[in-house]
Number of protein chains: 2
Amino acid sequence: MRKIAEPTIRRLSLYLRFLEEFEGRGTLTVSSEELAHRGATTAAQVRKDLSLFGSFGKRGLGYPVPQLAARLRDILGLERDYGVAVIGAGKVGRALAQYGGFASRGFRVRWVYDAHPAKVGMAWNGLRVRDVRLMRDDFPGGAPDIAIVATPADAAQDVADQLVGLGVKAILNFAPVHLAVPHDVTVKNVNMAIELEALSYALRHR
Amino acid sequence: MRKIAEPTIRRLSLYLRFLEEFEGRGTLTVSSEELAHRGATTAAQVRKDLSLFGSFGKRGLGYPVPQLAARLRDILGLERDYGVAVIGAGKVGRALAQYGGFASRGFRVRWVYDAHPAKVGMAWNGLRVRDVRLMRDDFPGGAPDIAIVATPADAAQDVADQLVGLGVKAILNFAPVHLAVPHDVTVKNVNMAIELEALSYALRHR
DNA sequence: GGATGTGAATGTCTTCACAGCT
DNA sequence: AGCTGTGAAGACATTCACATCC
């Protein structure tokens, strides 16, 4: 079952969201057709994606909603909680720290750091912003599961290096730079500038 | 020169960022090798991407930094300004509206809307939050160039429909749902839940 | 009957490797 | 000599189409 492609993983995450909707409505089975309709893909794609992890559907019937949802949560590793540290208490960091939507899926923001003295000490939703220089000593018993880098571009690589040093293995990067990290560390980038420029390109070429 | 692939566009945006760094430092030429090193790609990829738009480098030398930067800005459509409307004045909408980074690249947030009475009327950086129900009548002289949907999931499709009705052709969607729009409207999605779940998957499968 | 599961075909993107300019 | 530009090869991802099973 090794080596699942990145696009597949991202679709699984989408499927799970739809399944949870169906779950809430008490629907018991769902076809690949229905799952595809609400996502941005095709029935064949849904079946191929799911078949990579085993046969979960019943021919002639569809997929059992609660079982499939549970299986996807298991595959994606969502049955547990993750401790999340946010580095950078600017606009983005603040929105992330205060946003409640992640918590419901097990991503719990437990730490917020910033380098700026004016920010350090502020409390958001009972979460205190700590000096980033203290970060090194804050995790004697193991690093955060996930770190979110929301610093200015010029500080991001530095912060990433420190996180790697702490033993962080997963980074969500909002800074508009490519982070160089060892092979065993996973980085996902969220880069709004790229998205806007891709829109700009699309507007121009029609 | 038709039909450039999406991944290529996104890399062009990255290249441009690096070129602007080099520009700032007064560097006159840059090799595909150097451009690749700072991005997350290879020299061959850089050359292939750039060659899709013509021959801009000099063999044995590299690419002329200012010219290439100008050409990329032109290709991406960044020589002009875009009027941006943000729909949804929650955490994300607020961060977006207040974030100054976009303005420097020509994306100017000029309107912010929300459906919640408590939010309507607030002013952020001199920008007043307006009632989303008034949106329809706010653009007699043409729609915003780009709309950013930062509403809760259950309102997003509704808002998208209205935006399409206004004539908006480019949408950046932060709501965790797939937006159905006509073919001539471009949507880019930013979905932090997917990114986090992809990280979760990576953490679990090592 | 109806929908899955899957090899085979197709399409898309990346990498290779080298001829060709400067 | 050095580095680009590009056809060809290879890897990867999606779609098709149909046998298979409930």
Side-chain angles (χ1 to χ4, degrees), chain A residues 1-15 18-19 22 27-69 71-72 75 178 194 198 201-202 205, chain B residues 1-15 18-19 22 27-69 71-72 75 178 194 198 201-202 205:
Chain A
M1 189 212 278
R2 266 295 81 87
K3 202 63 196 95
I4 304 297
E6 173 79 12
T8 300
I9 305 298
R10 304 171 74 87
R11 282 191 299 267
L12 292 185
S13 169
L14 281 175
Y15 302 155
F18 303 141
L19 285 168
F22 285 120
T27 313
L28 289 181
T29 62
V30 64
S31 68
S32 55
E33 188 62 60
E34 290 169 289
L35 272 176
H37 180 66
R38 328 197 87 248
T41 185
T42 65
Q45 183 74 75
V46 171
R47 293 201 299 276
K48 181 130 273 185
D49 287 341
L50 296 179
S51 76
L52 293 172
F53 298 94
S55 293
F56 258 76
K58 279 212 171 26
R59 294 171 195 230
L61 242 175
Y63 297 90
V65 171
Q67 283 94 321
L68 185 56
R71 183 83 178 88
L72 290 185
I75 290 165
H178 171 246
I194 290 184
Y201 177 87
H205 297 79
Chain B
M1 188 212 280
R2 266 293 84 88
K3 202 63 196 94
I4 303 298
E6 173 79 12
T8 300
I9 305 300
R10 304 172 72 87
R11 281 191 300 267
L12 293 185
S13 169
L14 280 175
Y15 302 155
F18 302 143
L19 285 168
F22 284 120
T27 311
L28 290 182
T29 62
V30 65
S31 68
S32 56
E33 187 63 60
E34 290 169 290
L35 271 177
H37 180 65
R38 329 197 87 251
T41 186
T42 65
Q45 183 75 77
V46 171
R47 294 200 299 276
K48 182 130 272 188
D49 286 341
L50 296 179
S51 77
L52 293 172
F53 297 94
S55 294
F56 258 76
K58 279 212 170 28
R59 296 171 194 229
L61 242 175
Y63 298 90
V65 171
Q67 284 94 320
L68 184 57
R71 184 82 177 89
L72 290 186
I75 291 166
H178 171 248
I194 289 183
Y201 177 87
H205 296 80

Could you give the side-chain donor-acceptor pairs of residues 48-57 of chain A under 3.5 Å, partners two or more places apart or in another chain?
unit_1  : atom_1 : unit_2  : atom_2 : d
A:Asp49 : OD1    : A:Arg11 : NH2    : 3.0
A:Asp49 : OD1    : A:Gln45 : NE2    : 3.2
A:Asp49 : OD2    : A:Arg11 : NE     : 2.6
A:Asp49 : OD2    : A:Arg11 : NH2    : 3.4
A:Asp49 : OD2    : A:Tyr15 : OH     : 2.7
A:Ser51 : OG     : A:Arg47 : O      : 3.4
A:Ser51 : OG     : A:Lys48 : O      : 2.9

Counted 5' to 3', the first and last nucleotides of DNA chain C within 4.0 Å (strictly under) of a heavy-atom of chain B are C:dC13 to C:dT22

Applied to residues 34-44 of chain B, the side-chain hydrogen bond (donor to acceptor under 3.5 Å, both in side chains) test, sequence neighbours excluded, yields B:Glu21-B:Arg38, B:Ser31-B:Glu34

In B/S/- notation (B base, S sugar-phosphate only, - none; protein heavy atoms under 4.0 Å), nucleotides 7-17 of chain D written 5' to 3' is BB----SSBBB

Of the listed D:dT4, D:dG5, D:dC21, the closest approach to the B:Ser31 side chain comes from D:dT4

A:Arg59 atom CZ is separated from D:dC22 atom P, nearest whole Å, by 8 Å

Residues at least two apart in sequence or cross-chain that pass salt bridge (charged side-chain N to carboxylate O under 4.0 Å, His left out) with B:Glu6, listed by chain then number, are B:Arg10, B:Lys188

Taken in chain and number order and not counting sequence neighbours, the residues that satisfy salt bridge (charged side-chain N to carboxylate O under 4.0 Å, His left out) with B:Arg59 are none

Smallest heavy-atom separation, A:Ala36 atom then A:Ala43 atom, equals CB-N, 3.4 Å

Taken to the nearest 0.5 Å, the spacing of B:Tyr63 OH from B:Leu72 CG works out to 10.5 Å

Rounded to the nearest 0.5 angstrom, the CG-CG distance for B:Leu68 and B:Leu19 is 5.0 Å

Separation of D:dT20 atom C1' from A:Lys58 atom NZ, nearest Å, is 15 Å

Query raised in the report: So do B:Leu28 and B:Val65 actually touch side chain to side chain, heavy atoms under 4.5 Å?
Result: no

